[in-house]
Visitor: 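Structure provided below as structure tokens; questions to follow.
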Amino acid sequence: YPTWKRTLARRARESQMKRFCRAQAIQRRLEEIEVTFRELEQQGIKLEKLLRDENESPADQQTQWTNQLLYLVQKKNNLMTEESDLMIAVQELKLEEQQCQLDEKLRSYMNKEDTLKTPDDEKAEQEILKQLVEVVNKRNVLIQLQEEKRLSEL
């Protein structure tokens, strides 16, 4: 096994582990966001009930409750934005994994001597190359989507 093949295999494993760790971190954060959503919902329900039921409360108390409710809505919107970004990151990770698998397959076909390739091998190589281009284009669309989102937020 030549050194360059071992190096490629090691790098592929390392990048796969990095993607796995990122995916786990994203999953944990999505679960945290879900819990926070539920907590914000409960707090919002309590504040709405206070606002509806306590008509005789002083105006400054009602203003304070309204401000708290608006703060909860703003916090929820921020979490929804973060959740959306994380979902895009999940899609990007899936495409990245798919791209790595296709790269490996393509490399195996390209390492074969041209004289040893069958017509089926050449056809499979072209199909993998086509799929690889599609995955790269999908990743590009996600990156453009993130950039547009970032610019609209500014």
Visitor: Does Q68 have any side-chain hydrogen bond (donor to acceptor under 3.5 Å, both in side chains) partners at least two apart in sequence or in another chain, and if so, which?
Guide: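 Expected list: none.
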Visitor: So how far is it from K138 NZ to L142 CG, rounded to the nearest 0.5 Å?
Guide: 10.0 Å
Visitor: Please give the remaining members of the hydrophobic cluster of I143, linking ILVMFWY side chains under 4.5 Å, ordered by chain and number.
Guide: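 Via sub-4.5 Å side-chain contacts, I143 links to none.
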Visitor: Distance check, rounded to the nearest 0.5 Å: R22 atom CZ versus R19 atom CZ?
Guide: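 The CZ atom of R22 sits 8.0 Å away from the CZ atom of R19.
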Visitor: R29: what forms a side-chain hydrogen bond (donor to acceptor under 3.5 Å, both in side chains) with it, not counting sequence neighbours?
Guide: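 By the side-chain hydrogen bond (donor to acceptor under 3.5 Å, both in side chains) rule, R29 matches E32, E82.
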Visitor: Could you name each residue pair satisfying side chain to side chain donor-acceptor pair (under 3.5 Å) that touches residues 122-136, not counting sequence neighbours?
Guide: K117-E125
Visitor: To the nearest 0.5 Å, what is the distance between CG (D85) and CD (E92)?
Guide: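 One finds 11.0 Å between CG of D85 and CD of E92.
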Visitor: Ion pair present between K18 and E96, side-chain N to carboxylate O less than 4.0 angstrom?
Guide: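 No, no charged N to carboxylate O under 4.0 Å.
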Visitor: For residues 98-110, please give each side-chain donor-acceptor pair under 3.5 Å, one per line with the distance, not counting sequence neighbours.
Guide:
from : atom 1 : to   : atom 2 : distance (Å)
Q99  : OE1    : R139 : NH1    : 2.4
Q101 : NE2    : E97  : OE2    : 3.3
S108 : OG     : K105 : O      : 2.6

Visitor: Under the side-chain hydrogen bond (donor to acceptor under 3.5 Å, both in side chains) rule, collect the residues that match up with Q64, sequence neighbours excluded.
Guide: none
Visitor: Could you walk me through whether Q74 and L70 pass the side chain to side chain contact (heavy atoms under 4.5 Å, CB included) check?
Guide: CA-CA 6 Å; Q74 181 183 17; L70 290 174; over 6 Å; no
Visitor: Taking side chain to side chain contact (heavy atoms under 4.5 Å, CB included) as the test, write out the residues that go with T115, two or more places apart.
Guide: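 Scan of T115 (side chain to side chain contact (heavy atoms under 4.5 Å, CB included), adjacent residues dropped) gives E113.
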Visitor: Holding to salt bridge (Lys or Arg N to Asp or Glu O under 4.0 Å), I want the full list of residues that pass it with R52, two or more places apart in sequence or in another chain.
Guide: E48
Visitor: To the closest 0.5 Å, what do you measure between CD (E34) and CD (E83)?
Guide: 7.0 Å
Visitor: Show which residues join M87 in its hydrophobic cluster (side-chain heavy-atom contacts under 4.5 Å, direct or indirect), or state none.
Guide: I26, L30, I33, F37, L40, L47, L50, L51, W65, L69, L72, L79, M80, L86, V90, L93
Visitor: For the atom pair CZ (R10) and OG (S15), what is the distance rounded to the nearest 0.5 Å?
Guide: 11.5 Å
Visitor: May I ask you to list the residues sharing a hydrophobic cluster with L154, side-chain cutoff 4.5 Å, ordered by chain and number?
Guide: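 Other cluster members: L151.
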Visitor: Can you name the side-chain hydrogen bond (donor to acceptor under 3.5 Å, both in side chains) partners of S84, sequence neighbours left out?
Guide: K149
Visitor: If the condition is salt bridge (Lys or Arg N to Asp or Glu O under 4.0 Å), which residues does E147 pass it with, not counting sequence neighbours?
Guide: R150
Visitor: Measure the CD-NZ distance between Q43 and K46 for me, rounded to the nearest 0.5 Å.
Guide: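 Here the rounded value is 7.5 Å.
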